[in-house]
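Lettering follows sequence order; numbering is per chain, from 1.
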Amino acid sequence: MNNRQVADIFSAMADMLDIQGANYHRIMAYRRAAENIAALGRPLEEVWREGQLTSLPGIGSTLASKIDELMRTGELEAYRDLQSEIPQGVVAMLHISGVGPKSAARFWKELGITTVAALEHAAQAGRLRNLHGFGAKSEQNVLDGIALFRRHTGRTRLGTAWPLAQKILAVLREVPGVVQAAPAGSLRRMRETVGDLDLLVASRDPQPVMNRFTRIPEVEEVILSGPTKTSIRTQEGFQIDLRVLEPARWGTALQYFTGSQAHNIRLRGLALDHGLSLSEYAFKREDAGTEPEEILCASEEEVYAAVGLPLIPPELREDRGEIKAALQGRLPNLIALDDLKGDFQFHTTASDGRSSLLEMAQSALASGLSYALITDHTHGLGVTGGLTVERLREQRKEIEAVNEQLAGSFRVLAGIEVEVHSDGSLDLPDDTLAELDLVVAAVHTGLRQDREQITGRMVAAIRHPHVDIIAHPTGRLIGEREGADLDMEAVFHAAAETGTALEINANPARLDLKDVHVRRAIELGVKLVISSDAHTVGAFADLRFGVATARRGWATAGDILNTRSAEDLVGP
DNA sequence: GCCGTTTTCGGCCCGACTGTTTTCAGTCG
């Protein structure tokens, strides 16, 4: 039973308890446990074997015994009981926007509706309005919610949401009276995907901002609009929320809307310990008998300082121990984009890239880098017209010519993205690999091999004496394909032992290693690189997403080899 | 159901917006 499976069970139990009307805090305990397990970064099973379950955040004796039951038997009686009490179609109703646990329970108990399809029929037949507190409008909202539920494509990749947010913010900054405009929410925390877009604007005159926002070309539908908040939906079904607030309250608002919700709950709890109530508008000091005194914060630094903390970077705000670390002065000094001196993977027209070596080198230089490792594919991958031993030798001459041309400002390092065969052997002979500055090895085929086989193959590549870096270790494609079923602990231990670096692939479709793996790898002493995997000029800008993923994994500059000079890494 | 530099019991974040209400419940984030 893996982390994802246990998290899903606890999350489903929370939903079912919610429909049952259980104690709110008990429900939250299940949800928090599910989130913490999903974000663990190491196998829950291992923690269970060590008997350390209750050392995990949000896991007490009751949930520990439930995890124990799951690990031992693969089943959970309490879960089965809930499933037998509540029709699964009723649980599915929670995914309909505007339908929560109370409504779902009433559709079931008062109208006997147990599936989303039956709910749709009932709404179309006008039967929902018979319920007390429901009218024709609520009925239509349910139908709209079901329609959205059907066409909803899930979460949007960071690489898609980021430029969209920047574009809209640029438009809003042009509106007279706008003082500040920034993304908030999971986008600002640089999560790999975002559910919706949260945008924040500071202005003393909100109405023109709202008016401008509802007229951007992306708008398909205005969901709601008030004096402080407007929500729209794009043609793709993507929701964008805009909040407008006074500049003097920017700090509390930005902090609040950046989240995560779990981080905010913890921060507000800490504020209460200081006798302060924190909202998106201000701190309030509750003194007996007097009108609460408001404390405004124009910056996030002031918000955190008010509860005795240094500013916590947005990427860390997931309630994964960052507040405790901040209290103890142990926050990591996170790596920043400016710290990168080089890149460790890019392609050219020699394989599946779109630009020449010179164009790529110039683009990398323009991105602020001083070196980059060229890593065209090898012949064995077939589809990309990869390099043979002969063509790789010819490329060496081109590298030397480019290095001569850019001498003093940029250096191309000679490398390869060598294919790892299904038996763990490499696609080029050792003597050829030995001539290169650095060797990157990658698995592109046979990702569905069973756990033992794929792990053995990966560990063989890590232990190969000429391999320096493993590219996109799990091979996942966000929203498209699960990663290989690797034993990540075995991979990390092998990498730590041999000094082989693991890649954080910055392509927004990959972000592989992902944040929790980065954090675990660092704990185990694994060295990491951030690679653009650029296939075209301009794609070096994707490095920002790789850096963000590293930051979400608590990485400092010392953990990431890109912060070192080319000379330091491979000599003059 | 979790958790503790005021607590092993009694707390557990806070507010906007909507739709239906004669003052508020539900949902969302």
Taking the same atom, C1', in B:dA25 and in B:dT20, what whole-Å distance lies between them? 9 Å

The criterion is salt bridge (charged side-chain N to carboxylate O under 4.0 Å, His left out); which residues satisfy it with A:Arg266, sequence neighbours excluded? A:Asp319

In whole Å, what separates the C1' atom of B:dG19 from that of B:dC12? 30 Å

Would you say the side-chain atoms of A:Tyr281 and A:Glu294 include a donor-acceptor pair closer than 3.5 Å? no

Across the strands shown, which category fits A:Ala262 at heavy-atom distances under 4.0 angstrom: base, sugar-phosphate, nothing? nothing

Assign each of A:Asn264 and A:Gly133 the nucleotide of DNA chain B bearing its closest heavy atom; nearer the 5' end lies the nucleotide of A:Asn264

What interatomic distance, in whole Å, is found between P of B:dC2 and the corresponding atom of B:dT6? 24 Å

Whether the side chain of A:Arg157 engages the backbone of A:Ile478 through a donor-acceptor N/O pair (distance < 3.5 Å, no angle test) should be reported. yes

Name all residues meeting the salt bridge (charged side-chain N to carboxylate O under 4.0 Å, His left out) criterion together with A:Arg49; count only those two or more places apart in sequence or in a different chain, and write none if there are none. A:Glu45

Applying a 4.0 Å non-hydrogen cut-off, can you work out what A:Ile27 is touching in the nucleic acid: base, sugar-phosphate, or nothing? nothing

Contact class for A:Asp273 vs. all strands (heavy atom < 4.0 Å): base, sugar-phosphate, or nothing? nothing

Using the P atoms only, state how far B:dT21 lies from B:dG26, rounded to an integer number of Å. 14 Å

Inter-nucleotide C1' distance (B:dA16, B:dG11), Å rounded: 26 Å

For B:dT8, the Watson-Crick or wobble counterpart (both distances under 3.5 Å): none

Given side chains that start at C-beta, do those of A:Tyr79 and A:Lys66 come closer than 4.5 Å, heavy atoms only? no

Please state the C1' separation for the pair B:dC14 and B:dC9 - nearest whole angstrom. 25 Å

Pair A:Asp559, A:Thr556: side-chain N/O donor-acceptor within cut-off below 3.5 Å: yes

Mind checking A:Leu267 for me? I need base, sugar-phosphate or nothing, with any heavy atom below 4.0 Å counting as a touch. nothing

For a quick check of understanding: with a heavy-atom distance under 4.0 Å over all strands, which category does A:Ser97 fall into, base, sugar-phosphate or nothing? sugar-phosphate

Surrounding CD of A:Glu50 (heavy atoms of other residues, nucleotides or ligands, distance under 6.0 Å), is the total greater than 12? yes

Within the 4.0 Å heavy-atom criterion, would you say A:Leu94 contacts the bases, only the backbone, or no part of the nucleic acid? nothing

For A:Gly135 and for A:Arg268, locate the closest nucleotide of DNA chain B by heavy-atom distance; then report the residue assigned to the nucleotide nearer the 5' terminus. A:Arg268

Integer angstrom distance from the C1' of B:dC13 to that of B:dG29: 12 Å

Would you mind calling B:dT21 syn or anti? Take O4'-C1'-N9-C4 for purines or O4'-C1'-N1-C2 for pyrimidines, and syn is within 90° of 0. anti

5' to 3' on DNA chain B, which nucleotides open and close the contacts with chain A (atom under 4.0 Å from a heavy atom)? B:dG1 to B:dG29

With rounding to the closest Å, how many angstrom separate the C1' atoms on B:dT8 and B:dC3? 9 Å

What's A:Tyr256 touching, base or sugar-phosphate or nothing? Going by heavy atoms closer than 4.0 Å. base

Relative to each other, are the rings of A:Phe492 and A:His517 parallel, tilted or perpendicular (30° and 60° limits)? perpendicular

